[in-house]
Amino acid sequence: MASVHDLFDVSVLFEDPGMAERAFRGVFKAAPVDAPVTFGELVVLSGISAQSLPAADLDLRHEPGLSLGAASVGLKLGMVDAFTSRTVRGPQDQLASPNGRMREASRLVLALLDHGGHAVVLHKAVGLVRSARSFRNLLGDPNDPLTRPFAAWLDLIATTENDAFVCRSFGMPHSFGRPNVTAQATAPATDVFTLERTMQAVQFVAGRLAADPSIDVPPAHFDVPVRYRLGARAPVAPTAHETVFRWNARLDDDGLMLALTCPELASRHPARLFDEAPERVPFDVYQRLMEELVTRRFAGDGFRDLDGAVYEAGNGLPMVGLQVFSRDDGVFLVATQGVGRQRALSGTAQQATEHAEFFVVTRSDAAPVRNALLGLAALALTTTAPGGLKDYDGFPPSPNGPGGSGLVVMPMNDLPVGGQRPLAFRMFVPVTADEYAVFRGLDFEGRKAWCAQHVASWSLAADRWRA
C-alpha cells in the first residue's frame, strides 16, 4: 500500500477538515480534487485528507511538540520527479524564471498557508516537518525575481560518525533535479568551527546547483566563502577579498550524490592560528567564528542572531565588527568581533586578559549603544593603565562615559577559540558614582557577590543601560 510519502511531494497541515476544505477551494477554485491543475510550468495533482498524518512517518526534530492537526492538503508536483525529467529532457530551470516549477510550487504552498495552514511536510526530504513560520523564513518572497527559494525545500542534517562531521542535504533530486550534497570533515565533536564549515559547504553547493541551471556538470571543486549565510537568495561566487575554503567534489551513487571534502580545513583552522598568533586569523574568519560561538553561548537564554556590521575605526585601530542578538522581551545583546585578535596593552598573561571580546545587554541596539561599545573596546585595547580588562574591574564615572556613569567589567566564561589561549569574554555594566565607589572598595569575592546581587539577570543589565 502506498504511503503518503509516495503519493505526495509536499503537504500543508490544518487544524480541522473544514479549514483544509476551505483552503483547497480558495486556492484551486472550482478544480475538482485529484484533477491535474497547471500553474505556470508546474502541473499539480492534489488531495485532501480528513485525518492527521501519522507522526511515526514524519521527522519532527526541528518542531518538537508541533500539532499535526486533523487534516492536510497534499500536492504532487508534476508527473515525474525533477531528476527523472532532467535525465530525459536535459538541464531545466526550476527556480530562476518567473514561472519556474519550484517557484510556482513555493507560491502554491504559501497560498495554502495564507488560508490557515500551520505547517508543511516535505515528503521527499525524509518527511521533514517545518512550521509555517520556519518555511516562510527560508522561502523568502517567491515573487521577488532575485529570490531562489531552494533552502525551504531541503532537509539539512548534521551527524557525527567515526570522529568526523557528516552533513547532508535531502530533497535535491526530486525538487531540483540535482544530486544531494554530502560533506565530511574529521574533527572532535566540540569543534564548532569545523561543524559549521561542513554544513556551510553543503548549503552553499546545494544552493549553487539548485539555483543555477548553467552548472550542468558539477565542477571538481567549489570555493565556499566563510561569510556565506544560508538565505532565500542564491549563493554567489566569492569576491577576491573574501576568505574561502576549497571543497573538492566527486559525483557518486550514479549521479545522485555529490561528495565534498576539504583537505585544507585543518591546517587553516582559526584555533591553530590563534594559538600561534591571534592577529594571523583573517578578520572575516574570526568574525564568523565569533558569531557562531556567541550564538551558541547565548541560545539557551533566548538570544537570536539578528544583524551584524563592520567598522573601519582608522587611527591605527583594528577593524572591528559588532554583532547584534535579539530576545523576545526586547533585550538586545551587542558583542564586539575583532578586538580579541589584538593584544591589549594593559592585559596580562597571568590574568588571561591580553585578548578579550566585550558585550553589552541593552533595550536597544541604537547607534549610541554601538558607539559606546566600540569606544570602550578601543579604550581597552589602547590604554596602558592597569584595569579595564581585569576580572570584576571597571572604569570610573566620567563626563565622556555613557550617561556620565561608571562601568563595571564583569567576566563571563571564556570563549573556546584556541586550545592554548583562552579568549576572555567581558560584559560592560553601567553603575552610578556611589555604586562604583562601593565596588572599588570590595575585594575580588566581594565584587563577584556584588555583581550577582545587582546584575542578576539580562533584564537588569539592560535596564542599567537604559537608565
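Keep in mind that what you see is a predicted model, and the values were worked out from it rather than measured.
Centroid-to-centroid, the aromatic rings of F325 and F332 stay 6.0 Å apart or farther. Between W465 and F428, the distance from one ring center to the other does not fall under 6.0 angstrom. In this structure, W458 has its ring center under 6.0 Å from that of F298.
Checked for salt-bridge contact, D144 and R233 meet the test: a charged N lies under 4.0 Å from a carboxylate O. Salt bridge R327/D301: absent, no basic N to carboxylate O contact under 4.0 Å.
Between F193 and F245, the two ring planes are perpendicular [angle over 60°; tilted spans 30° to 60°].
No cation-pi contact links R426 to F358, judged by a cut-off of 6.0 Å to the six-membered ring centre and 45° from its axis.
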For residues 259-267, please give each side-chain donor-acceptor pair under 3.5 Å, one per line with the distance, not counting sequence neighbours.
residue: E264; atom: OE2; partner: R246; partner atom: N; Å: 2.8
residue: E264; atom: OE2; partner: R268; partner atom: NH1; Å: 2.8
residue: S267; atom: OG; partner: E264; partner atom: O; Å: 3.1

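Heavy-atom contacts from other residues, nucleotides or ligands closer than 6.0 Å to CZ of R133 number 12 or fewer. Counted within 6.0 Å of CG on D329, heavy atoms from surrounding residues, nucleotides or ligands total more than 12; the atom is thus considered enclosed.
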Output, in order, the C-alpha distance, side-chain angles, deciding distance and verdict of ring pair (Phe, Tyr, Trp, His ring centres under 6.0 Å) for F204 and F222. CA-CA 9 Å; F204 181 87; F222 290 84; 7.2 Å; no

Report the C-alpha separation of N143 and R107 in whole Å, then their side-chain angles, then the decisive distance to 0.1 Å, and conclude whether the side-chain hydrogen bond (donor to acceptor under 3.5 Å, both in side chains) test is met. CA-CA 8 Å; N143 294 317; R107 292 190 183 103; 2.6 Å; yes

D212 and S214: CA distance, side-chain angles, deciding distance, side-chain hydrogen bond (donor to acceptor under 3.5 Å, both in side chains) verdict: CA-CA 5 Å; D212 189 348; S214 69; 2.5 Å; yes

Test side-chain hydrogen bond (donor to acceptor under 3.5 Å, both in side chains) on H241 and D284 and set out the steps. CA-CA 10 Å; H241 303 292; D284 55 354; over 6 Å; no

